[in-house]
Amino acid sequence: FFIKDVSFTKSNNKIVARITQQFYLEDDKKKKINQLLARVPTEYFSLSDQILRQAKQRFGKKISLAFFIQFTDHLAAAIERAKQNISLPNLTLMEIKTIWKEEFEFSLWIIDYIEQQLDVKLSIDEAGYFAVYFVTETEDEKATKSMELVQMVIDIVKIIENSFHITLDKSSLNYMRLITQDRKSVV
């Protein structure tokens, strides 16, 4: 089974796929793609393609086929949840916003782009989830260290809260400053 780098365009109210690069897919990848094709609306593939082209330009990194599949799957699920008014709180949103500013800003663009294209509003929590995708795809070996950094910052915050018997307001400017300081201390 061969698949090429696929880009999607709309022509005469139909989604048209244009193939430009070839890959050999192993049986497990074939199965995942077929499952994805069966459950994900075609327009989401086009949307994902456009988003990932922008990501490639912005971050200057090649987007793998595996990442395209994972991202498209997540994108489709996020859109369907939003259509049903289901929100998944992102408990590390403030840390993501502070530590991975560039990826988070790009993810806010994704939220706006989806709203423009589909008239579906995703939550800011979803922008945090998208940002993590781009951190792991663009930073390669640094991704694991980045995830460890977030966990360390969360652990430091828990220690502060437990030691002083307080709950920090995660939406406050002071919390963002604390996260920034924690990050600098850990790095």
Side-chain angles (χ1 to χ4, degrees), residues 3-21 23 29 31-140 142-143 146-147 150 170-171 176 179:
I3 189 170
K4 296 185 178 193
D5 184 23
V6 181
S7 62
F8 296 90
T9 56
K10 201 171 194 176
S11 177
N12 298 331
N13 290 327
K14 290 185 179 185
I15 302 291
V16 178
R18 188 179 63 127
I19 299 173
T20 57
Q21 191 177 29
F23 298 95
K29 287 185 182 176
K31 185 177 177 182
K32 288 178 184 177
I33 287 176
N34 286 334
Q35 290 172 343
L36 191 64
L37 288 169
R39 77 172 184 280
V40 174
T42 309
E43 67 184 322
Y44 296 170
F45 284 96
S46 178
L47 190 66
S48 182
D49 179 59
Q50 292 303 312
I51 290 167
L52 295 179
R53 285 178 186 278
Q54 289 296 317
K56 184 178 178 182
Q57 281 185 316
R58 177 125 184 210
F59 300 114
K61 298 284 184 172
K62 184 179 176 184
I63 303 295
S64 69
L65 179 61
F67 183 79
F68 176 79
I69 292 167
Q70 292 168 351
F71 183 78
T72 303
D73 191 31
H74 180 91
L75 181 73
I79 292 168
E80 292 305 315
R81 281 193 305 272
K83 285 180 176 179
Q84 298 171 22
N85 292 318
I86 298 171
S87 180
L88 296 179
N90 189 329
L91 302 178
T92 58
L93 184 62
M94 291 305 292
E95 293 82 0
I96 291 168
K97 286 168 68 170
T98 305
I99 295 171
W100 298 308
K101 289 178 184 172
E102 186 178 2
E103 291 84 355
F104 185 75
E105 287 173 12
F106 180 71
S107 297
L108 291 175
W109 173 84
I110 293 171
I111 300 294
D112 290 339
Y113 184 71
I114 290 169
E115 186 172 16
Q116 291 170 8
Q117 299 299 310
L118 302 177
D119 197 29
V120 174
K121 180 72 174 167
L122 300 182
S123 71
I124 194 166
D125 292 294
E126 207 58 60
Y129 293 126
F130 289 145
V132 171
Y133 267 93
F134 292 105
V135 168
T136 58
E137 181 66 7
T138 60
E139 290 192 17
D140 302 324
K142 292 182 183 177
S146 294
M147 295 305 198
V150 169
K170 291 184 168 61
S171 63
M176 290 180 73
I179 296 304

Step-by-step side-chain hydrogen bond (donor to acceptor under 3.5 Å, both in side chains) determination, Asn85 to Ser87: CA-CA 6 Å; Asn85 292 318; Ser87 180; over 6 Å; no
Measure the CG-CG distance between Leu47 and Leu75 for me, rounded to the nearest 0.5 Å. 5.0 Å
Closest approach of Tyr133 and Gln70, non-hydrogen atoms and distance? OH-O, 3.7 Å
Would you call the rings of Phe71 and Phe130 parallel, tilted or perpendicular if under 30° counts as parallel and over 60° as perpendicular? tilted
Please report the closest heavy-atom contact between Thr72 and Tyr44, naming both atoms and the distance. CG2-O, 4.2 Å
Could you tell me which residues satisfy ring-ring contact (aromatic ring centres under 6.0 Å, His included) with Tyr129, sequence neighbours excluded, listed by chain and number? none
Could you go through the side chain to side chain contact (heavy atoms under 4.5 Å, CB included) check for Thr98 and Phe104 one step at a time? CA-CA 9 Å; Thr98 305; Phe104 185 75; over 6 Å; no
Side-chain heavy-atom pair Phe134, Glu102 within 4.5 angstrom cut-off: no
Any chance you could measure Glu80, atom CD, to Ile86, atom CD1, to the nearest 0.5 Å? 10.0 Å
Residues Ile63 and Phe68: closest non-hydrogen pair is CG2-N, 4.4 Å
With a 3.5 Å cut-off and sequence neighbours excluded, list the donor-acceptor pairs that the side chains of residues 106-115 form with protein atoms.
unit_1 : atom_1 : unit_2 : atom_2 : d
Ser107 : OG     : Glu103 : O      : 2.9
Ser107 : OG     : Ala127 : O      : 3.3
Ser107 : OG     : Ala131 : N      : 3.0

Output the distance between atom CZ (Arg53) and atom CD1 (Ile51), rounded to the nearest 0.5 Å. 12.5 Å
Here the gap from Glu105 atom CD to Arg58 atom CZ, rounded to the nearest 0.5 Å, amounts to 6.0 Å
Using distance only, find each side-chain donor-acceptor pair of residues 117-124 under 3.5 Å and give its atom names and separation, not counting sequence neighbours.
unit_1 : atom_1 : unit_2 : atom_2 : d
Ser123 : OG     : Asp125 : N      : 3.4
Ser123 : OG     : Glu126 : N      : 3.4

Tell me whether Thr92 contacts the main-chain N or O of Glu95 through its side chain, where contact means a donor paired with an acceptor under 3.5 Å. no
